[in-house]
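Accompanying notes for the structure given below.
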Amino acid sequence: MLKEICITPQVFDSEYIDSSNWKDIKSLLENIANSGYILGLKDKDWVRNVFDNISHLEQKIKDKLLTILSILKDRDRIVEHPTSDIFTISDEDDWYAVAEYLNNIRNFHKIIATQSFKGNATSIEQLEDINISDEFGITGSKRDLKTKEALKNILLPFLSYSKKVTIIDPYFYLHFSYCQRTLRIVAECLRERRGHREKGSIGIHCKWDKDIKDIRGKIKVWQQAIKNISRAFNHSIKLHAWERIDRTAIKLHDRYIITNQSGLVSAAGIGLDE
């Protein structure tokens, strides 16, 4: 599961970051680049504030942090999170108030700040005492029941900040109700950021099987399901059914969900259990 991390811009201020702790910040960013997102609260304001703060750091520290931030941006792992216009930002207390407001809607993995805010955030000093790789790094493969709740818990942080998602599953046939339910969860999670949802794109790649009974009739079911889900969540959805030319080729097995930011693989299918 990808981790959602909030970092206040003041963490990068020369008042708080120096030769004694900058490597902890660098390690944090490197782990997030592989396992999560940095949420740029208040849309582009976060990015502007962070880069302005970094510009005043010692040259070596500045270069190192800008390099890893550039990697995060290239991977689309610094993501804008829209917030209510009720917030006016002037200091770290205000940045934390925005983070806490959104955290109360749906929990972030961590909020990183220059202070602990009564134990609700992880301070820069605390980074020195924790295993950053264990806390913020890749957790490896995971086994879950294919229930609606479990699938949504996995997909919500994974798809919230993606512009498009591709489902690759040779047996993802929308005349099966469990595949329709899975597609609906994908559509519900895509670009959903704590009450704000923007239009996204969903692609489905399955196997064309002319031996399916009444395949033409079932295609009409596919089309109607796509139309209903697209209308409900305002996403564009396209389905591609591929004919298998070489019948002797290796049997298709693993299924994939791929976005513009990352990917998931499942060896047990991605449709919900009946």
Side-chain angles (χ1 to χ4, degrees), residues 1-42 44-81 91-93 95-96 98-100 102-103 106-142 154 156-158 160-162 259-264:
M1 184 183 299
L2 292 177
K3 302 175 176 68
E4 300 172 280
I5 312 295
C6 285
I7 307 177
T8 64
Q10 287 71 23
V11 166
F12 300 92
D13 194 294
S14 58
E15 182 179 350
Y16 300 102
I17 187 170
D18 53 34
S19 58
S20 69
N21 62 12
W22 74 270
K23 290 184 179 179
D24 291 329
I25 306 299
K26 177 175 177 286
S27 176
L28 171 68
L29 297 178
E30 288 171 338
N31 277 275
I32 295 172
N34 291 321
S35 65
Y37 310 98
I38 296 177
L39 302 190
L41 305 181
K42 292 291 287 182
K44 292 180 171 54
D45 290 355
W46 185 89
V47 172
R48 284 193 291 265
N49 278 266
V50 166
F51 278 81
D52 181 62
N53 287 340
I54 290 177
S55 69
H56 297 95
L57 296 176
E58 177 188 328
Q59 189 64 44
K60 176 184 176 180
I61 299 174
K62 178 170 68 174
D63 290 345
K64 295 291 187 180
L65 294 183
L66 287 177
T67 296
I68 186 61
L69 284 170
S70 177
I71 292 172
L72 281 157
K73 287 189 70 177
D74 289 345
R75 294 180 182 177
D76 203 10
R77 295 296 186 85
I78 299 176
V79 295
E80 297 174 11
H81 199 306
D91 56 25
E92 186 174 39
D93 286 350
W95 282 105
Y96 175 76
V98 176
E100 184 65 13
L102 295 172
N103 187 65
R106 188 172 82 238
N107 286 346
F108 300 125
H109 180 71
K110 288 289 182 183
I111 300 173
I112 311 296
T114 65
Q115 56 181 300
S116 66
F117 285 97
K118 298 181 179 179
N120 295 315
T122 299
S123 70
I124 297 176
E125 290 182 357
Q126 289 173 315
L127 289 177
E128 183 180 1
D129 299 323
I130 66 176
N131 188 315
I132 293 177
S133 295
D134 284 350
E135 182 63 42
F136 297 97
I138 295 174
T139 55
S141 60
K142 185 179 180 182
I154 293 169
L156 195 53
F158 178 69
S160 286
Y161 312 101
S162 303
T259 76
N260 54 293
Q261 298 166 312
S262 191
L264 294 174

Exercise answer: donor-acceptor pairs, residues 5-15 side-chain atoms, under 3.5 Å, sequence neighbours excluded:
from  : atom 1 : to    : atom 2 : distance (Å)
Thr8  : OG1    : Glu92 : OE2    : 2.7
Asp13 : OD1    : Glu15 : N      : 2.8

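Considering Asn53, Ile54, Val47 as possible partners of Val50, the one that fulfils the side chain to side chain contact (heavy atoms under 4.5 Å, CB included) test is Ile54.
Environment of CD in Glu135: crowded, with over 12 heavy atoms of neighbouring residues, nucleotides or ligands closer than 6.0 Å. Around NZ of Lys110, the count of heavy atoms belonging to other residues, nucleotides or ligands within 6.0 Å does not exceed 12. Residue Lys62 places its NZ atom among more than 12 non-hydrogen atoms of other residues, nucleotides or ligands, all under 6.0 Å distant.
Here the CD1 atom belonging to Ile25 is positioned 16.0 Å from the NZ atom belonging to Lys64, to the nearest 0.5 angstrom.
For Phe158 against Ile154, the heavy-atom pair with the smallest separation is CB-O, 3.4 Å. Of all heavy-atom pairs between Leu72 and Ala33, the closest is CD2-CA, 3.5 Å. Shortest non-hydrogen contact noted between Ser162 and Gln261 is OG-OE1, 3.0 Å.
Side-chain contact annotation: Arg77 with Asn34, donor-acceptor N/O pair under 3.5 Å absent.
Checked against side chain to side chain contact (heavy atoms under 4.5 Å, CB included), Gln126 has the following partners two or more places apart in sequence or in another chain: Ser116, Thr122, Ser123.
Of the possible polar contacts, one joining the Ser160 side chain to the Leu156 backbone as a donor-acceptor pair under 3.5 Å is found.
A salt bridge is defined here as a Lys NZ or Arg NE, NH1 or NH2 lying under 4.0 Å from an Asp or Glu carboxylate O, and Lys60 with Asp63 fails to meet this definition.
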